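Accompanying notes for the structure given below.
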Amino acid sequence: MVTLQTPLSSRLLGSYAQPLQQQRGLQTVEDLLWFLPRRYLDGQEELTEFTEGEYVVLEGTVRTVAKRPMSGRRRSMLNVLISTAVGDLEVTFFSVYGHQDRLIPGAKGLFEGRVGRYGSRWQLSHPSYEMLSDLDDDAPTPDAGHGLRDQGGTPGLGVVARALHPVYLEVRGVPSWTINRLVATVLGAMSDDGDPLPAELRRRRDLPGYVAAMRHLHLPEHRDDVAKGKKRLKYDEALLMQLALGMRRRAQQQAPAVPRAPRQGGLLEAFDKRLPFTLTAGQRAVGEEIAADLARSHPMNRLLQGEVGSGKTVVALRAMLAVIDAGGQAALLAPTEVLAAQHYRTITTLLGDLAQGGMLGGDLDRGTRVALLTGSQSAAARKQALLAAASGEAGIVVGTHALIQKHVQLADLGLVVVDEQHRFGVEQRDALREKAKKPPHVLVMTATPIPRTVAMTVFGDMDTSVLAELPAGRQPIGSFVVGNRLWYERTWGRVADEVRAGRQVYVVCPRIGEEWEERSAVPTGAEALNSERAWLTMTDAMYYGDDDPERDEGVPLRGVHEVARELRELPALRDVRVGILHGRLTPDEKDRAMAAFTAGEIDVLVSTTVVEVGVDVPNATLMVVTNSDRFGISQLHQLRGRVGRGEHPGLCLFVLSGVPDIDHPGTPGLRPGDPNDQRRSPAVERMTAIAATNDGFELSQLDLQYRREGDILGARQSGGTSLRMLSLRGGDDAQIIEAAREDAAALLDQDPTLAGQPHLSYLVNMVVDEQQAAFLERG
Ligand code: ADP
Ligand code: MG
């Protein structure tokens, strides 16, 4: 009996076991089955031309066969001309023996090998081949004694003739049809009796059994078969993931929590009365959802997605006040010190004397205190904040990661608010949860709109709320791509105009640079060529998750210091006050820079992406992003959301990298990145797309298209290696995930521990273990 765990020994596969193991790491029958065809040939190939060195499998017809003597040898060689859908190919064998009687003009076959070139002719060097007339329907059955070796050494006997020919990744010494035949034989010895998926589910969702699905994928009769097989494998992944999430969610929901019911005449009521604006309908609705969650005796675990500028802070603050009214404390975690400090300022300002509980002039009856805890504040300030948190005197503790450190004590932590979730992992949330006697309620906020597939998977263990609407009177943000010198110069003119009108400007750079650094040098000759090539690969590398801003691969990236100096020297900006902000400043310096900008004492803030999330200065109306193609879509949308927050419209200018007369003064001509360039790069397309829409959800969907699956999930949350088939990019897979989500919920309703489904439960535990292993590995 062959099972998924059966090793791929030579007993089973004969001499083919070794190359499969060594070249592709296939150890078990399961590995072999998962060595899925890379594509299928059906005579209508998408291949349109030959490329030298490419590995191909082609269907071809033998046209001519010529025997030629080899000079200085006794043997002859065989020159065969075959025609294929792509073009004619010459195939040469250095022996006629065994070939001459099979390669007959007019005969059809499959040819597999690497495309070479000889003069003006295309060649297939050392091809394996299989004549279609040789194919028969009788796949050999497994035979423990002899294995599945070819009997008699004839290459590739026993391939099943089908309309679709599966093509596998290259394994030297094992042609595609041989792999296919091995899989066919193995599948022939397996059955769907022990299928982990309940039969009822398979029926209802119209899914084939696992073995049947593999048969569809390896031995398809029609393209439809392939789709059916894929659907089953995808569904499996989705179901296991949803079961794991569902179990986690249920465990959380059953944990005890202190209910924090609203109280009449408390802080929240007093706060609502003094709020300088009316809440949007969305803010009110989400506020009610949260209030209901908080009043329950099980912990809230809610994700609040709100478009940039939709007013999440107020929603969070109202939840925190409700918890304080009910006798607890709340912690607010921010991803950066800049943002933590801003939250602290915003909250103390909004609360006014309500934030001076116990102090002279404060609201004695109802007031509370707000404490700020960051990684590198002065020892004295820190001690005071720690004390206020531990004694319970501070109802609200605002901080960064530092808050999760072990020695931070809270008297009665009732609510944790995490701002900008995508910087916080699951395990960090867990660590914070441990700070309370009973698990606290948790509210996670993110301004990055989350596509449905991702919401259902990565955040599948949470309830979600959406704040789609912006507060009334919000001004639109216009966006433009700056791709030539003329526009670039106008950009700084525009900055001057804005400042003259009393408004403020952000200039964002991809790197900090050095204070003494001169303007990026003009590359010469080979250097320029190299940098052009580097440009394309670099932007992709950067975009796909490489967020080291200091990396520089040939194209001059503008640094904060350099740009600040350039602006200070521009005659047009003579009286403009330019400040800088970046990660290498001390927390104190950062705080001062941000406070000065907020207070309007700085007109232009040149910074890195530290202003990316959450920073809120309503008087800032213009943002210039240099080397904007170095940033991802969501990141640019976030950045852009920093302007247009007040009564004046916002404008965002995306300056492209590699524009000759900006980045390489004195070198005329087009380079990649110029919007006039016909060779439009993916980076330019991204820029154009993001400039064209302000809809965060639309952009997040677009963002998905450009990202690798692993980056979408985030290494920490990817569930190890469990997603092999399922794509979170959307499309049909979204429906599969949705179906699996429903089914998982129904299964768990009936049988919360899956005791009646041992096989399924085993697989779910493997997913959970993989996830935990992935967490542990990363410390
Ligand atoms: P985000 O959701 O991006 O975090 P913020 O919470 O920073 O947005 O809010 C953006 C700005 O909108 C803040 O200045 C805030 O005071 C203001 N704001 C929030 N709610 C409203 C409202 N209902 N009406 C008017 N302005 C509001
Ligand atoms: Mg915010």
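All ligand and atom numbering here is 1-based and tracks the order in the structure. All of these numbers come straight from a predicted model, not from anything done at the bench.
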Sub-3.5 Å donor-acceptor pair from the side chain of [X] to the main-chain atoms of [Y], do we have one?
{"X": "Arg642", "Y": "Asp616", "value": "no"}
{"X": "Glu307", "Y": "Leu467", "value": "no"}
{"X": "Asp603", "Y": "Val576", "value": "no"}

Using a heavy-atom cut-off of under 4.0 Å, does the side chain or the backbone of [X] touch ligand 1, or both, or neither?
{"X": "Gln283", "value": "side chain"}
{"X": "Leu279", "value": "backbone"}
{"X": "Thr278", "value": "backbone"}

Could you pull out every donor-acceptor pair under 3.5 Å between side chains of residues 387-397 and any protein atom, sequence neighbours left out?
unit_1: Ser391; atom_1: OG; unit_2: Leu387; atom_2: O; d: 3.0
unit_1: Ser391; atom_1: OG; unit_2: Ala388; atom_2: O; d: 3.3
unit_1: Ser391; atom_1: OG; unit_2: Glu393; atom_2: N; d: 3.1
unit_1: Glu393; atom_1: OE2; unit_2: Arg369; atom_2: NH1; d: 2.6

Item to check | Per atom 14 (O) of ligand 1, closest listed option by heavy atom (Val314, Thr346, Leu470, Asp616) | outcome: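 It is Asp616 that holds the nearest heavy atom.
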Checklist entry - Can we say Arg260 and Asp293 salt-bridge, meaning some charged N sits less than 4.0 Å from an Asp/Glu carboxylate O? => result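 Looking at Arg260 and Asp293, the cut-off is not met.
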Next on the checklist: Does Lys273 form a side-chain contact (heavy atoms from CB on, under 4.5 Å) with Glu269? I'd like the steps, not just the answer.
Outcome noted: CA-CA 6 Å; Lys273 275 196 199 115; Glu269 235 178 69; 4.2 Å; yes
Checklist entry - Has Ser310 got any heavy atom lying under 4.0 angstrom from an atom of ligand 1? => result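 Checking ligand 1 against Ser310, which is what was asked, there is a heavy-atom contact under 4.0 Å.
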Next on the checklist: Please list, in number order, the atoms of ligand 1 under 4.0 Å from a heavy atom of Thr313.
Outcome noted: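 Once the distances to Thr313 are compared, the set is 4 (O), 5 (P), 6 (O), 7 (O).
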Checklist entry - Short list, please: which atoms of ligand 1 are under 4.0 Å from a heavy atom of Thr280? => result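 What qualifies from ligand 1 is 23 (N).
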